[in-house]
Amino acid sequence: MIDKQGNVPLLLSTIPPNRSQRRLAGWVLAILVIALVVTAPFSRIRLAETAPLLLAYAAAVLFVEVLTAALLLSLFAIQKSRAVLVLSAGYLFSGLLVIPWALTFPGIFTAFGLDAGLQSTAAIAAVRRLSFPVFVLAYAALKDQEDLALWPRASIRTVIAAQVLLIAGLAAGLTWTIIQADQLPTFMVDARDVAPLWRYVPAAAIGLYLVGLVVLWLRRQSTLDLWLMIVLCTLVIEIALLSYLGGGARLSVGWWAGRLYGLASASMVLLVLLSETATLQARLARSIHSERLARESRLTAMEALSASIAHEISQPLASMVTNANAGLRWLDKEIPRIVEAQAALERVVRDGHRARDVVDGIRQLFRKGTQDRTSVDMNSLIKDVLRRSADEARFGRVSVESDLDPNLPLATGSPLQLQQVISNLVANAVDATSAVTGRPRIVRIITRLRASREILVSVEDSGPGIADTLKDRIFEPFFSTKPDGMGMGLMFSRSVVESHGGKLWVEDTVTSGAIFRFTLPCSDWTGASDTELRQ
Ligand code: ADP
């Protein structure tokens, strides 16, 4: 039942029934019991010969049961479950046996000389009655021990064809044997009334149905199991009407009512199975569609990223080639121009570093950070970053302040990656603030616990802020307004935060400057904090 990736396929025979399915099944059962009670008083009334009705009934049963078998075979083709295969054999066998049952029914085709003898119809009915619950029991016994290896992909069609042929052959062979037999058990005293021996058949059938019900109840898991239980309940009701309440006489009201309730319920089960299959198919189609969309958008993102990477790397490479050629030319002169050649080589080195930085940035972006996830104290991570960037801040005459929530819970994540995120945001804030004149240069980093169990980190600066038109672009790869900027920092930071289950976004400050905020789910949240976000 489980595929190679460990997924259970979404099939009727694998998914458990939901509440509305259980409710519907309950209603079907209740309606059947009510119908039984209503019909019971009239069930001994005998009706006239109704040959066309009997044939129509037989045709309907054949149609419903063969269709159910086909539906189960298609389930088998996907799920490769032996249990479902056996169940479909049960339906097919029962459906096919209706043909000889109707054809041998006394009075139906007698006019055509097709009189098979008094006992044949009852013998076929007995085999049909008793075999179906045996197939259901085999289904129930097999259903938890699937062996996928038994059904190699190529042989599915063969298995289905072989089963259909086998069951058809069995039904035909059995019919022939019954019709040819000289001595059959005496089930009928005349064309309409049953003999005492017959009473063992419904009793045995009810016994088998009840055993089937108990086994299915104990091993119930799937929607299919639920509806099979309803089928068995219906069969119990049907046989009660046919054999007991109707006095065992053929073509009485009870006899007909039992047959018709059985048929109605079997068709209902078939309809439910069909509609469930259609629903599952629609769900599958939707999920394939959304998966395709996600793949396409992933591909677009990858294409955009690789185009930017190609662009970013080809630029320094082209510049390196130009400068290296220039260097060669300076050295090729009659009197080599060492100073110029040196300058050209320095540019080569600079561009080489730039290309390496691009590659490093990409490697950092795709480095797997999930394996080394531990509990992270964001406050101490921030203090660490601030300690390291102190020189830079001092150099830009930027004052870096922190307001860290002392009761901040731990986060779960990669300390290295989260440190890089903070360091990117602080470096950007310091860069932006260093250019400010005429107002204090301040970078403030704040941590808070939000009511929504998230840690919020804000990096606020008094820099020039970010124009509305750039607010989305700054997160694109290689977008930078700095002469030596790589434009990878924010993209990397956002992807790290998102991979940790958080969000990163930018806001304007009330006065001037930008606030970058990101959230992270906390690992040991136990309740609301009294240090909710004050802003
Ligand atoms: P880089 O820092 O290499 O340019 P980033 O992805 O970190 O790459 O940033 C992209 C761009 O976003 C920067 O070039 C800058 O224009 C803008 N930016 C980032 N942080 C700030 C900030 N705090 N204030 C103003 N602009 C910012």
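Every number for a ligand or one of its atoms is a count from 1 in the order of the listing.
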Q) Mind checking what residues have non-hydrogen atoms under 4.0 angstrom from ligand 1? A) Asn428, Ala429, Ala432, Asp461, Gly465, Ile466, Ile474, Phe479, Ser480, Thr481, Lys482, Gly485, Met486, Gly487, Met488, Gly489, Leu490, Phe516
Q: Indicate yes or no: at least one non-hydrogen side-chain atom of Leu404 is less than 4.5 angstrom from one of Met378.
A: no
Q: List in chain and number order the residues that pass salt bridge (Lys or Arg N to Asp or Glu O under 4.0 Å) with Glu401, two or more places apart in sequence or in another chain; answer none if no residue qualifies.
A: Arg444
Q | Under-4.0 Å salt bridge between Asp384 and Arg388 | A | yes
Q.
Can you list everything that forms a side-chain hydrogen bond (donor to acceptor under 3.5 Å, both in side chains) with Asp468? Sequence neighbours excluded, please.
A. Lys471
Q: Check the side chains of Ser458 and Glu460 for a donor-acceptor pair under 3.5 angstrom, ignoring hydrogens and angles.
A: no
Which pairs of donor and acceptor atoms, one on a side chain in residues 334-344, lie under 3.5 Å apart (sequence neighbours left out)?
from	atom 1	to	atom 2	distance (Å)
Arg337	NH2	Glu340	OE2	3.3

